[in-house]
There are 2 protein chains.
Amino acid sequence: MNFDIRMAHLFSTLDDNQVRQVMESSHISTLQDGESLFETGDEANRFFLVIGGQVKLFRVSSNGDQKIIDIIQPGNTFAEALMFMEHPIYPVCAEALGPAKIISFDSKRFLQILSQSFSVCFRIMGTMSQRLRGLIKEIDDLTLQSATTRMCAMLLRRMEEIGKPHFTLPAAKGVLAARLSMKPETFSRILQNLSSKNILNTKGNEIHVIDAELLRSLAHLESVLGLEPEVHCALSSAKSLHSD
Amino acid sequence: MNFDIRMAHLFSTLDDNQVRQVMESSHISTLQDGESLFETGDEANRFFLVIGGQVKLFRVSSNGDQKIIDIIQPGNTFAEALMFMEHPIYPVCAEALGPAKIISFDSKRFLQILSQSFSVCFRIMGTMSQRLRGLIKEIDDLTLQSATTRMCAMLLRRMEEIGKPHFTLPAAKGVLAARLSMKPETFSRILQNLSSKNILNTKGNEIHVIDAELLRSLAHLESVLGLEPEVHCALSSAKSLHSD
DNA sequence: TTCGCCATTTGATGAAAATCAAGGCCCAAA
DNA sequence: TTTGGGCCTTGATTTTCATCAAATGGCGAA
């Protein structure tokens with residue numbers, strides 16, 4: 001296996017020797033769709049790097065609903081923050097979303113390397129800092145915004161990521177719904193609604209955005225709320241989205 | 001001022017010399033109730049330690065609603081995670097909840113000290129790790145649970161913190177409502193509801209829990225995080241959980 | 001004490017999203 | 001080709017909570 005872990009941000013400042021040390025404790029796994037990597041409450045003495053496919057992190061409520069916390073893409077690490085706790089326990093479940101390939105690393109071993117290199121320390125702190133920021137944003141999304149707003153924001157992110165108004169949804173609709181904290185039915189209805197407003201077209205998992213401006217105004221509903229009168233048209237059409 | 005910053009977890013492993021260095025860039029402020037420390041979007045070149053009173057961290061939507069992210073108790077630091085970002089910007093607003101006393105520190109200066117001491121590095125990583133966990137737990141609360149569930153969980157936490165079924169709410173009801181992402185009206189109604197079911201009695205800000213078991217079952221508490229013998233930042237009001 | 005300003009409570013109403021229940025679609029296996 | 005099982009969609013209904021509006025109550029200042 002000649003995959004260079006330095007492609008991952010976390011490992012990018014390691015020298016050859018350090019990479020070798022890290023790799024000594026590593027283990028590559030290939031996962032089937034839906035195969036579990038770890039569960040909430042498991043002892044967390046390893047962390048992970050996705051090198052193929054996707055891994056979803058989620059929590060399960062007592063009624064069986066899943067809230068997807070994050071979907072980890074290839075090249076990204078996860079669960080590395082836990083190595084700094086005394087009795088680390090995974091606070092989420094992780095399982096493959098489709099077939100996936102991952103490398104796992106021994107946390108203790110990595111801590112040893114960490115204690116030799118400030119640059120790696122700083123690197124990891126930067127990563128954690130970003131994650132913190134991301135989670136705050138997430139809380140923001142969940143509390144200050146409606147399901148429609150979240151949907152529009154997601155579509156816009158995806159659109160800008162691709163760079164074209166025509167793109168494919170990054171996962172099955174049901175999965176995205178869980179990611180956005182709504183039921184599949186709601187997801188479907190909102191999409192259908194946006195479509196009926198001629199803001200976009202859908203065909204299966206293909207999305208074609210027609211009116212990106214309107215979409216944007218829906219996604220930024222709140223920041224728009226207090227502003228100029230002219231945005232009111234966009235706003236009012238936003239409000240009427242659900243009422244007819 | 002002879003307050004020893006080593007009381008704070010983050011500084012606990014500093015030697016006298018390092019403490020002196022850190023203090024050189026520090027600044028003590030006394031805040032009135034409601035006085036702002038910083039706002040979302042401000043350049044973040046300082047971080048803070050609360051030594052008296054409380055500081056609330058929150059985000060604001062344009063309609064004026066506040067979502068309280070955290071309430072920082074004396075002895076705790078906040079905004080320290082930002083020093084690892086390239087162009088650090090506070091992602092939340094901070095203001096005093098009642099009169100408060102805080103010390104601020106220069107981030108750059110502290111980074112220098114950090115680059116001399118692995119123990120401080122590890123310390124800060126541990127802190128960040130806990131914050132991450134806390135935020136995940138938060139997302140959990142916001143999505144998988146109803147307003148009543150959140151209320152019950154909060155009451156239980158508070159009860160266990162105090163150790164008696166009779167206690168005082170840790171802040172004004174309106175503030176707690178925002179902390180739990182609900183309107184004051186809803187907060188009031190839920191409390192009234194619990195009371196009418198003889199689960200608890202209320203009188204002003206005094207709560208007397210009658211049926212803790214029932215309360216617990218309403219909170220749907222999966223003991224996912226139940227076993228956490230550790231640090232606990234007992235001061236901070238609930239939170240702690242994350243991997244990524 | 002009275003006044004006025006708060007935070008809180010209470011009631012009535014409405015809107016968003018969950019839930020319940022079918023039904024349709026697509027694809028893959030028989 | 002037919003069949004069956006995931007997904008997704010659609011419709012009807014219900015629940016939860018926000019919103020609007022109007023008391024109530026406490027507490028400090030005049």
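The figures here come from the full heavy-atom set of this structure, side chains too, leaving out hydrogens, waters and symmetry mates.
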*Asks:* Roughly, in whole Å, what's the span from NZ in B:K203 to P in D:dG25?
*Replies:* 15 Å
*Asks:* Grab the CG-C1' distance between A:L176 and D:dT9 for me, whole Å please.
*Replies:* 16 Å
*Asks:* Ignoring hydrogens and angles, write down the donor-acceptor pairs under 3.5 Å from the side chains of residues 29-42 of chain B, residues two or more places apart or on other chains.
*Replies:*
residue	atom	partner	partner atom	Å
B:D33	OD1	B:G98	N	2.7
B:E35	OE1	B:Q32	N	2.7
B:S36	OG	B:E39	OE2	3.4
B:T40	OG1	B:C93	N	3.4
B:D42	OD2	B:E39	N	2.9

*Asks:* For the residue pair A:F78 and A:F48, does the interplanar ring angle fall in the parallel (under 30°), tilted (30 to 60°) or perpendicular (over 60°) class?
*Replies:* parallel
*Asks:* Residues two or more places apart in sequence or in another chain: which of them pass side-chain hydrogen bond (donor to acceptor under 3.5 Å, both in side chains) with A:S26?
*Replies:* none
*Asks:* Specify the separation, in whole Å, of atom NZ of B:K183 and atom C1' of C:dT9.
*Replies:* 16 Å
*Asks:* Does a nitrogen or oxygen in the side chain of B:S146 sit under 4.0 Å from OP1 or OP2 of D:dT16?
*Replies:* no
*Asks:* Side chain of A:K173 only, please: which of C:dA17, D:dC8, D:dC17 is the nearest?
*Replies:* D:dC8
*Asks:* Bend across the helix from C:dT1-D:dA30 to C:dG23-D:dC8, to 10°, with axes taken over 5 pairs at each end?
*Replies:* 30°
*Asks:* Take atom CG of A:L142 and atom C1' of C:dA16, then tell me their distance rounded to the nearest Å.
*Replies:* 16 Å
*Asks:* Given salt bridge (Lys or Arg N to Asp or Glu O under 4.0 Å), test A:E138 with A:K67 step by step and report yes or no.
*Replies:* CA-CA 12 Å; A:E138 185 83 15; A:K67 162 58 194 171; 3.7 Å; yes
*Asks:* Tell me the salt bridge (Lys or Arg N to Asp or Glu O under 4.0 Å) pairs involving residues 189-214 of chain B, sequence neighbours left out?
*Replies:* B:E213-B:R216
*Asks:* Base, sugar-phosphate alone, or nothing: which one does B:S181 contact when heavy atoms must sit under 4.0 Å apart?
*Replies:* sugar-phosphate
*Asks:* List the residues meeting salt bridge (charged side-chain N to carboxylate O under 4.0 Å, His left out) with A:E95, not counting sequence neighbours, and say none if there are none.
*Replies:* A:K56
*Asks:* Just the rounded figure in Å: distance from P of C:dA16 to CG of A:L218.
*Replies:* 13 Å
*Asks:* Excluding sequence neighbours, so at least two apart, what forms side-chain contact (heavy atoms from CB on, under 4.5 Å) with B:S188?
*Replies:* none
*Asks:* With sequence neighbours excluded, tell me which residues meet side-chain contact (heavy atoms from CB on, under 4.5 Å) with A:A147.
*Replies:* A:R150, A:M182, A:T186, A:I190
*Asks:* Mind calculating the distance between CG (A:N205) and P (C:dC25) to the nearest angstrom?
*Replies:* 17 Å
*Asks:* Ignoring the backbone of A:S188, work out which of D:dT9, C:dA17, D:dT19 is nearest its side chain.
*Replies:* D:dT9
*Asks:* Among the nucleotides D:dT19, D:dA18, C:dA17, which one has an atom lying closest to any side-chain atom of B:E185?
*Replies:* D:dT19
*Asks:* Please name all residues satisfying side-chain hydrogen bond (donor to acceptor under 3.5 Å, both in side chains) with A:S129, sequence neighbours left out, ordered by chain then number.
*Replies:* none
*Asks:* Taking only heavy atoms on the protein side, list every residue of residues 189-199 of chain B lying under 4.0 Å from any atom of DNA chain C, sorted numerically.
*Replies:* B:R189, B:Q192
*Asks:* Just how far, in rounded Å, is C1' of D:dC17 from CG of B:L180?
*Replies:* 14 Å
